[in-house]
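Note: hydrogens, waters and symmetry copies are ignored here, and every other heavy atom, side chains too, is used. Bear in mind the structure is a predicted one, so any value in this text is a computation, not a measurement.
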Amino acid sequence: MKFARILRLALPLALLLGAGLCAAQTATPPAGDYIYEHGSGQLRVKADGHFDITTIGPNAHTCELDGAIVRGKAKIDDTACVVSFAVNADKVRVSTNGADQCRDNCGVRASFEGTYTRPAPGCTDKAVATTRQTFKRQFDAKDYAAARTTLAPVLSGCDATLDWITKGWLRNDLALTQFKLGDRAGCLKTLQPLAEDAALTDDGVKENYPPADADIYLPVVRATRTNLKLCRG
């Protein structure tokens, strides 16, 4: 009797675990654009299963590849490299069979394996660019309250799919808007994730980041220093 009771309890648990394991299924992802981890690339899938991937890693090293997905897998032209696509809701997990030739598509510091997420409607590259344009018009017109209302949701709602440089500029734009509204505490809170790097000298930033990354990041750091000084009063 005791064994039968344990079996009855174990079966539902096994079914739940099985459902979790099967949640991500190897398949051709629905057509559309998906953003790579930390906004550092893109997977585009067409209705006919053709795909292309572009990612960027440290020091501006990149990956570029394309092909056709058939039943969740794509064999890259005339190589031993096979790329697999596992779909789970709005996410696609991209992996390979480990063939050395899969690395031929990438610079030394770049990778395309990992998770790609379909961005929310307001978080696509086009939507973010449009929001930033609207924000700029409102800010230039000194309608700071409207500008804050326009920009704040992008930072809070698109964090997982924004690239780090865009995110840095958005933080500075929002912080300066908060300063204009007299919200110094809010300004400092918005800039807090950038404060540690802002405390470094330019040479310190260059020592901490690969050369290409430092070059594009330094303008963000310099803007952060200026805005932190404003908000600290």
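Of all heavy-atom pairs spanning Cys106 and Ala110, the tightest one is CB-O, 3.8 Å. Minimum interatomic distance between Arg184 and Arg232 (heavy atoms only, all atoms of both residues): NH1-C, 4.2 Å. Closest approach of Tyr116 to Gln42, counting heavy atoms only: CE2-C, 4.0 Å. The shortest non-hydrogen separation linking Ala223 to Trp169 is CB-CZ3, 3.8 Å. Of all heavy-atom pairs between Asn227 and Cys187, the closest is O-SG, 4.2 Å. Among all heavy-atom pairs drawn from Val108 and His61, the shortest one is N-ND1, 3.4 Å.
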Go through Val154 and Val128 one step at a time and tell me if the side-chain contact (heavy atoms from CB on, under 4.5 Å) criterion holds. CA-CA 7 Å; Val154 178; Val128 171; 4.2 Å; yes

Determine, stepwise, if the pair Phe179 / Leu176 fulfils side-chain contact (heavy atoms from CB on, under 4.5 Å). CA-CA 5 Å; Phe179 170 75; Leu176 185 57; 4.3 Å; yes

List the steps, then state whether side-chain contact (heavy atoms from CB on, under 4.5 Å) holds for Ile53 with Tyr34. CA-CA 9 Å; Ile53 289 176; Tyr34 301 81; over 6 Å; no

List the steps, then state whether side-chain contact (heavy atoms from CB on, under 4.5 Å) holds for Phe85 with Thr26. CA-CA 5 Å; Phe85 300 81; Thr26 301; 5.8 Å; no

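Put simply, OG1 on Thr161 and CZ on Arg118 are 12.5 Å apart, with the number rounded to the nearest 0.5 Å. Separating the CG atom in Asp66 from the CG atom in Leu43 is a distance of 11.5 Å, to the nearest 0.5 Å. To the nearest 0.5 Å, atoms CG (Asp125) and CG (Asp163) are separated by 8.0 Å. Taken to the nearest 0.5 Å, the CG atom of Asn105 stands 11.0 Å off from the OG atom of Ser111. The distance from the SG atom of Cys63 to the CG atom of Asp104 is 11.0 Å, given to the nearest 0.5 Å. A distance of 8.5 Å separates CG in Asp183 from SG in Cys231, rounded to the nearest 0.5 Å.
Contact of the Thr190 side chain with the Arg171 side chain is registered, since non-hydrogen atoms from C-beta on lie closer than 4.5 Å. Contact annotation: the side chain of Asp173 never approaches that of Lys136 to less than 4.5 Å [non-hydrogen atoms, C-beta and beyond]. Side chains of Asp202 and Arg225 form a contact here, defined as non-hydrogen atoms less than 4.5 Å apart.
The number of heavy atoms from other shown groups lying within 6.0 Å of NE2 (His38) does not exceed 12. When the shell of 6.0 Å around CG of Asp100 is examined, it contains 12 or fewer heavy atoms from other residues, nucleotides or ligands.
Exactly one of Asp33, Asp52, Thr54 qualifies for a side-chain hydrogen bond (donor to acceptor under 3.5 Å, both in side chains) with Arg44. That residue is Asp52. With Gln138 as the fixed residue, the side-chain hydrogen bond (donor to acceptor under 3.5 Å, both in side chains) test singles out one of Thr150, Thr177, Asp143: Thr150. Of the residues listed (Thr55, Thr117, Ile56), the one engaging Tyr36 in a side-chain contact (heavy atoms from CB on, under 4.5 Å) is Thr55, and it is the only one.
Cluster membership for Leu230 and Val221, using ILVMFWY side-chain heavy atoms within less than 4.5 angstrom, is not shared. Cluster annotation: Ile165 is not connected to Leu151 through the hydrophobic network of ILVMFWY side chains, with a link wherever side-chain heavy atoms come within less than 4.5 Å. A single hydrophobic cluster is seen to contain both Leu155 and Tyr144, as judged by linkage of ILVMFWY side chains at heavy-atom distances under 4.5 Å, directly or through other members. Residue Ile35 is not grouped with residue Leu162 when hydrophobic side chains (ILVMFWY) are merged at heavy-atom distances under 4.5 angstrom, including chains of intermediate members. Hydrophobic clustering (ILVMFWY, side-chain heavy atoms < 4.5 Å, transitive): Leu191 and Leu174 are in distinct clusters.
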Give every donor-acceptor pair under 3.5 Å between a side-chain atom in residues 74-84 and any protein atom, sequence neighbours left out.
unit_1 : atom_1 : unit_2 : atom_2 : d
Lys75  : NZ     : Thr79  : O      : 2.4
Thr79  : OG1    : Ile76  : O      : 2.9
Thr79  : OG1    : Cys81  : N      : 3.1
Ser84  : OG     : Lys73  : NZ     : 2.9

Got a list of side-chain donor-acceptor pairs under 3.5 Å for residues 205-216, not counting sequence neighbours?
unit_1 : atom_1 : unit_2 : atom_2 : d
Tyr209 : OH     : Asp197 : OD2    : 2.7
Asp213 : OD1    : Asn59  : N      : 3.1
Asp213 : OD2    : Asn59  : N      : 3.2

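Remark: side-chain polar atoms of Asn172 are paired, donor with acceptor, to backbone N or O of Thr224 under 3.5 angstrom. The backbone N or O of Thr115 lies less than 3.5 Å from a partner atom in the side chain of Glu37, making a donor-acceptor pair.
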